[in-house]
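Working notes, beginning with the structure itself.
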Amino acid sequence: MQIKNQHLSDVYESLAARSAGEPEFLQAVAEVFESLSPVADARPDYIKAGIFSRIVEPERFIQFRVSWVDDEGNVRVNRGYRVQFNSAIGPYKGGLRLHPSVSASVIKFLGFEQVFKNSLTTLPMGGGKGGSDFDPKGKSEGEIMRFCQSFMTELYRHIGPDTDVPAGDIGVGGREIGYMFGQYKRLTNRFEGVLTGKAIPSGGSLVRTQATGYGLLYFTDEMLRDRGMSVDGKTIVISGSGNVAIYACEKAQEMGGKVVAMSDSNGYVYDKDGIKLDVVKQIKEVERLRIKEYAARVPGSVYTEGCRGIWSIPCDIALPCATQNELNGDEAATLVKNGCRAVAEGANMPSTPEAVECFLANNIAYAPAKASNAGGVATSGLEMVQNSIRMSWTAPEVDEKLHGIMKNIYASAKAAAAEYGMAGNLVAGANIAGFQKVADAMLWQGIAY
Ligand code: NDP
Ligand code: 2IT
């Protein structure tokens, strides 16, 4: 890691000294600060206004107890979080994650990333994130519902359509958003757009379910076309088999790509004939089973235990769509050695710093998460617009807006990279383009938040 600008390096060191036990958060900050060094060099006014020291400190960090009763009558206790990271350009906005690995560090890294991602969408949304270390695996429908209700019983007082608007992330999809929305309404007596990812009859937006995966492919295609390539005819590996992975697969297939592998945290399936997405949807969305089941249902496909092995499959395009740090330097080198030409991130921070370095050093077309997975939150922003005007748009209308937003994010990341002498480096470009709007808003609003 190298943060060249002295002021940024000092701010980072001071943050690191105060953030013991928050490795994911520090990893995310380090990557952004590396990119922002030339901006800090050029903008003493940002330094004078303390923009860099302020932007790494959440405006508010809320941690709370979530107690609930399991089916056997035992009292269970989990830790709930919401980080309200930055509201310079709009109400806090970002998902809720339910996974045993959720910690203050994970929530802060996700919230920090969200600030820049949301800015890139050009919609007026600040950055936030939340969740709990609750593990949805193996829980009954009733347990999920009671957990979500208890979670919202605390969260509701901190959120609102003009304050903070949560949505889904790992372990939180339409079902969980429904239970949370129901509880919010019960507690406040208000029917309002306080969450996104709602079901259509309750004010949800068409295409929100598909948006992150579709947006990822719109971005990937744009990036490839700029290099004289396209998704059509390419062999593609996608990690994960959740919301993002499934709709990335759907759009990749629509664009003529051949997806040969998908995974979950236990292992991966390889199908040389191309993944049958209807089977994956049935297993994951309807029956909520493991990806292993795919091999039992599709003759000729092979299941391998252990999810990381998926990166050893030769492919033209790799789409990490599971979780943070799921692709390390060695795995990146294997992808490159096997002829991979593009990597686009559906998950948040799936590539370790060593992996990113490997992609950039080998001239791989590399799309960083905060640019390439912004389609989900962008469509959440479109859901907020529809709620505000009390109208709903058709699927083609939303899809067209999403497509336009993803193309625009690619163009602005590319332009910002070139402006600062790092042409082709979309990591730097996305960080700089996302940062500038937030920094200017903070500057304009004066010190304090
Ligand atoms: P889901 O819960 O729908 O799916 C998550 C998938 O990733 C599952 O296949 C899961 O496997 C796998 N996974 C989760 N944790 C791990 C882990 N520790 N190791 C290996 N595999 C894991 O979540 P989403 O698809 O919504 O989210 C996937 C990623 O995309 C996350 O990084 C999320 O932050 C990001 N993202 C999501 C957006 C959205 O709109 N939903 C928007 C932008 C980014 P298993 O079932 O075994 O746990
Ligand atoms: O990481 C993300 O951008 C999301 N989980 C989606 C957030 C949102 O508010 O739709």
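Ligands are counted one by one from 1 in listed order, and the atoms in each one are counted from 1 as well.
Side-chain atoms of V32 and E113, non-hydrogen and from C-beta on, do get closer than 4.5 Å to each other. Looking at heavy atoms from C-beta onward, V438 lies out of side-chain contact with N118 at the 4.5 angstrom threshold. In this structure, the side chains of L98 and S132 come closer than 4.5 Å at one or more pairs of heavy atoms. With a 4.5 Å cut-off on side-chain heavy atoms, I275 and V269 count as touching.
Taking the six-membered ring for Trp and thresholds of 30 and 60 degrees, Y410 and F219 have ring planes more than 60 degrees apart, a perpendicular arrangement. Between F191 and F181, the ring planes lie perpendicular to each other; the angle is over 60°, past the 30° to 60° tilted range.
Which of A167, A245, G242, G171 comes nearest to atom 2 (O) of ligand 1 through a heavy atom is settled by distance: it is G171. For atom 39 (C) of ligand 1, the nearest non-hydrogen atom from the set L110, T212, V172 comes from T212. Nearest-residue assignment for atom 21 (N) of ligand 1 (options P100, S265, G240; heavy-atom criterion): S265. Around atom 44 (C) of ligand 1, the closest heavy atom drawn from V377, N373, D135 belongs to N373. Nearest to atom 36 (N) of ligand 1 by heavy atom, out of G376, G346, G131, is G346. When A322, A374, A248 are checked for heavy-atom proximity to atom 28 (C) of ligand 1, A322 turns out nearest.
Those atoms of ligand 1 that come under 4.0 Å of a heavy atom in A347, given as number and element, are 29 (C), 30 (O), 32 (O), 35 (C). Within ligand 1, counting atoms from 1 as listed, the ones closer than 4.0 Å to a heavy atom of C321 are 28 (C), 29 (C). Residue contact check: T323 has heavy atoms under 4.0 Å from atoms 15 (N), 16 (C), 17 (C), 18 (N), 19 (N), 32 (O) of ligand 1. Contact atoms of ligand 1 toward S241: 9 (O) (distance under 4.0 Å to a heavy atom of the residue). Each of the following atoms of ligand 1 lies closer than 4.0 Å to a heavy atom of R97: 31 (C), 32 (O), 33 (C), 34 (O).
If you look at E326 next to ligand 1, there are no close heavy atoms at all, none under 4.0 Å. Residue contacts with ligand 1 for D264 involve both N, CA, C or O and side-chain atoms from C-beta outward (heavy atoms, distance under 4.0 Å). Contact annotation for R290 and ligand 1: only side-chain heavy atoms (C-beta onward) come within less than 4.0 Å of the ligand. Residue-level proximity to ligand 1 for A211 is absent, since no heavy atom of it falls below 4.0 angstrom.
In the displayed structure, K276 atom NZ is contacted under 6.0 Å by more than 12 heavy atoms of other residues, nucleotides or ligands. Annotation: R79, atom CZ; neighbour count of heavy atoms from other residues, nucleotides and ligands within 6.0 Å does not exceed 12.
If you look at F147 and F134, their ring centroids are closer than 6.0 Å. Between F112 and F85, the gap from one ring centroid to the other is short of 6.0 Å.
When the salt bridge (Lys or Arg N to Asp or Glu O under 4.0 Å) test is applied to D71, the partners found at least two apart in sequence or on another chain are R146. Every residue meeting the salt bridge (Lys or Arg N to Asp or Glu O under 4.0 Å) condition with E287, not counting sequence neighbours, appears here in chain and number order: R297. Not counting sequence neighbours, the partners of E383 by the salt bridge (Lys or Arg N to Asp or Glu O under 4.0 Å) test are K198.
Atom 41 (N) of ligand 1 has N243 OD1, 3.6 Å as its closest protein atom, hydrogens excluded (heavy atom only). Nearest protein heavy-atom neighbour of atom 48 (O) of ligand 1: K137 NZ, 2.9 Å. For atom 15 (N) of ligand 1, the closest non-hydrogen atom of the protein is H99 NE2, 3.5 Å. Nearest protein heavy-atom contact of atom 25 (O) of ligand 1 is V244 N, 2.9 Å. Counting only heavy atoms of the protein, atom 27 (O) of ligand 1 lies nearest to I170 CG1, 3.7 Å. Protein heavy atom closest to atom 32 (O) of ligand 1, with residue, atom name and distance, is N348 N, 3.2 Å.
Protein heavy atoms are absent from the 4.0 Å sphere centred on atom 10 (C) of ligand 1.
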* **Candidate pair K281 and E250, rule salt bridge (charged side-chain N to carboxylate O under 4.0 Å, His left out), full reasoning** => CA-CA 10 Å; K281 283 185 179 175; E250 185 164 286; 2.4 Å; yes
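Remark: side-chain polar atoms of E293 are not paired, donor with acceptor, to backbone N or O of L289 under 3.5 angstrom.
Protein residues with a heavy atom under 4.0 Å from ligand 2 are K93, G94, G95, Q114, K117, K129, A167, G168, D169, R208, N348, G376, V377, S380.
Of the polar atoms of D169, at least one N or O is found under 3.5 Å from an N or O of ligand 1, judged by distance alone. On a distance-only criterion, R208 and ligand 1 share at least one N/O pair closer than 3.5 Å. Residue contacts with ligand 1: Q324 is placed with no nitrogen or oxygen under 3.5 Å of a nitrogen or oxygen of the ligand (distance criterion only).
Cation-pi geometry between K251 and Y214 is met: the NZ or CZ atom falls under 6.0 Å from the ring centre, inside 45° of the normal.
Residues T122 and K437 have side chains that never bring a donor and an acceptor to within less than 3.5 angstrom of each other.
Considering OG1 of T352 and CG of L327, their distance stands at 7.5 Å, rounded to 0.5 Å.
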